[in-house]
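My structure is below; once you've seen it, I'll send some questions.
Just so you know, these numbers come straight off a predicted model, no measurement behind them. A note on names: the letters A, B, ... follow the listed sequences, proteins ahead of strands, and every chain is numbered from 1.
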Amino acid sequence: QNSFIKTLHNKRSLLEGFIEQLKI
Amino acid sequence: IPPSLSSSQAIELIKKQMEQIDKLLQLHCDDPEVRKWDNLTEQVIIRAFGKPHDNLDVYSSA
């Protein structure tokens with residue numbers, strides 16, 4: 001469950017990065 | 001597969017997926033909602049960037 005939470009936080013960071021790419 | 005969304009459409013859909021993460025954090029990792037969210041998020045990434053794409057690989061291996 002702990003790694004699940006880490007994974008979701010990691011995915012959130014990735015998605016934030018994808019949005020930044022799309023803004024360029 | 002080429003991208004099928006404009007940048008602004010892609011941003012909106014990715015934001016929508018991100019908004020659901022807090023709710024998912026309350027669930028168990030085996031909850032079908034989690035799998036559903038993950039599959040939909042992958043579809044959004046494919047529509048935003050196309051397939052194959054580094055972003056899709058990075059996301060899938062996360």
Side-chain angles (χ1 to χ4, degrees):
Chain A
Q1 190 68 13
N2 204 27
S3 75
F4 163 66
I5 290 168
K6 269 191 192 164
T7 300
L8 279 181
H9 283 296
N10 186 23
K11 288 188 172 179
R12 172 148 55 197
S13 308
L14 289 174
L15 293 175
E16 271 168 8
F18 297 165
I19 287 177
E20 289 310 309
Q21 287 178 34
L22 288 162
K23 283 180 181 171
I24 296 167
Chain B
I1 305 172
S4 59
L5 296 173
S6 69
S7 296
S8 58
Q9 286 173 322
I11 289 169
E12 280 315 303
L13 290 179
I14 293 172
K15 279 185 178 168
K16 247 176 91 179
Q17 291 308 104
M18 286 175 69
E19 283 166 10
Q20 295 170 50
I21 292 177
D22 282 338
K23 188 188 73 191
L24 296 178
L25 286 166
Q26 314 300 317
L27 303 176
H28 190 267
C29 54
D30 293 334
D31 195 296
E33 283 299 312
V34 175
R35 172 60 44 203
K36 245 172 73 181
W37 176 86
D38 213 27
N39 287 338
L40 185 55
T41 305
E42 268 196 35
Q43 290 308 309
V44 170
I45 294 168
I46 292 169
R47 290 166 67 199
F49 297 103
K51 183 182 177 178
H53 193 282
D54 283 350
N55 286 348
L56 182 63
D57 295 342
V58 168
Y59 181 84
S60 303
S61 57

| Lys6(A), part contacting chain B, at a heavy-atom distance under 4.5 Å | neither

| Hey, does Ile21(B) have a side-chain heavy atom less than 4.5 Å from the side chain of His9(A)? | no

| request: Please report the shortest heavy-atom distance between Tyr59(B) and Lys11(A), naming the atom on each side. | output: OH-CD, 3.4 Å

| said: Less than 4.5 Å to any heavy atom of chain B: does that hold for the side chain of Gln21(A), its backbone, both, or neither? | reply: side chain

| query | With a 4.5 angstrom heavy-atom cut-off, which part of Leu5(B) approaches chain A: side chain, backbone, both or neither? | reply | neither

| said: Which one wins on heavy-atom pair count under 4.5 Å against chain A: Val34(B), Asn55(B), Asp30(B), Ile14(B)? | reply: Asn55(B)

| Is Ile5(A) reachable from Leu27(B) through a run of hydrophobic residues whose side-chain heavy atoms are each under 4.5 Å from the next? | yes

| Under a 4.5 Å side-chain heavy-atom rule over Ile, Leu, Val, Met, Phe, Trp and Tyr, are Leu25(B) and Leu14(A) clustered together? | yes

| In the single-linkage hydrophobic clustering (I, L, V, M, F, W, Y; side-chain heavy atoms under 4.5 Å), do Val58(B) and Ile11(B) co-cluster? | yes

| query | Which bit of Ile19(A) comes within less than 4.5 Å of chain B, counting heavy atoms only: side chain, backbone, both or neither? | reply | both

| query | Is it the backbone or the side chain of Thr41(B) that comes under 4.5 Å from a heavy atom of chain A, or both, or neither? | reply | side chain

| task | Report the relative orientation of the aromatic rings in Phe49(B) and Phe18(A); use parallel for angles under 30°, tilted for 30 to 60°, perpendicular for over 60°. | result | perpendicular

| Any side-chain heavy atom of Arg12(A) sitting closer than 4.5 Å to one from Asp22(B)? | yes

| What is the minimum heavy-atom distance between Thr7(A) and Ala62(B), and which atoms define it? | CG2-O, 4.0 Å

| message | side chain to side chain contact (heavy atoms under 4.5 Å, CB included), that's the test. Do Leu15(A) and Ile45(B) meet it? Break it down for me. | response | CA-CA 9 Å; Leu15(A) 293 175; Ile45(B) 294 168; 4.2 Å; yes

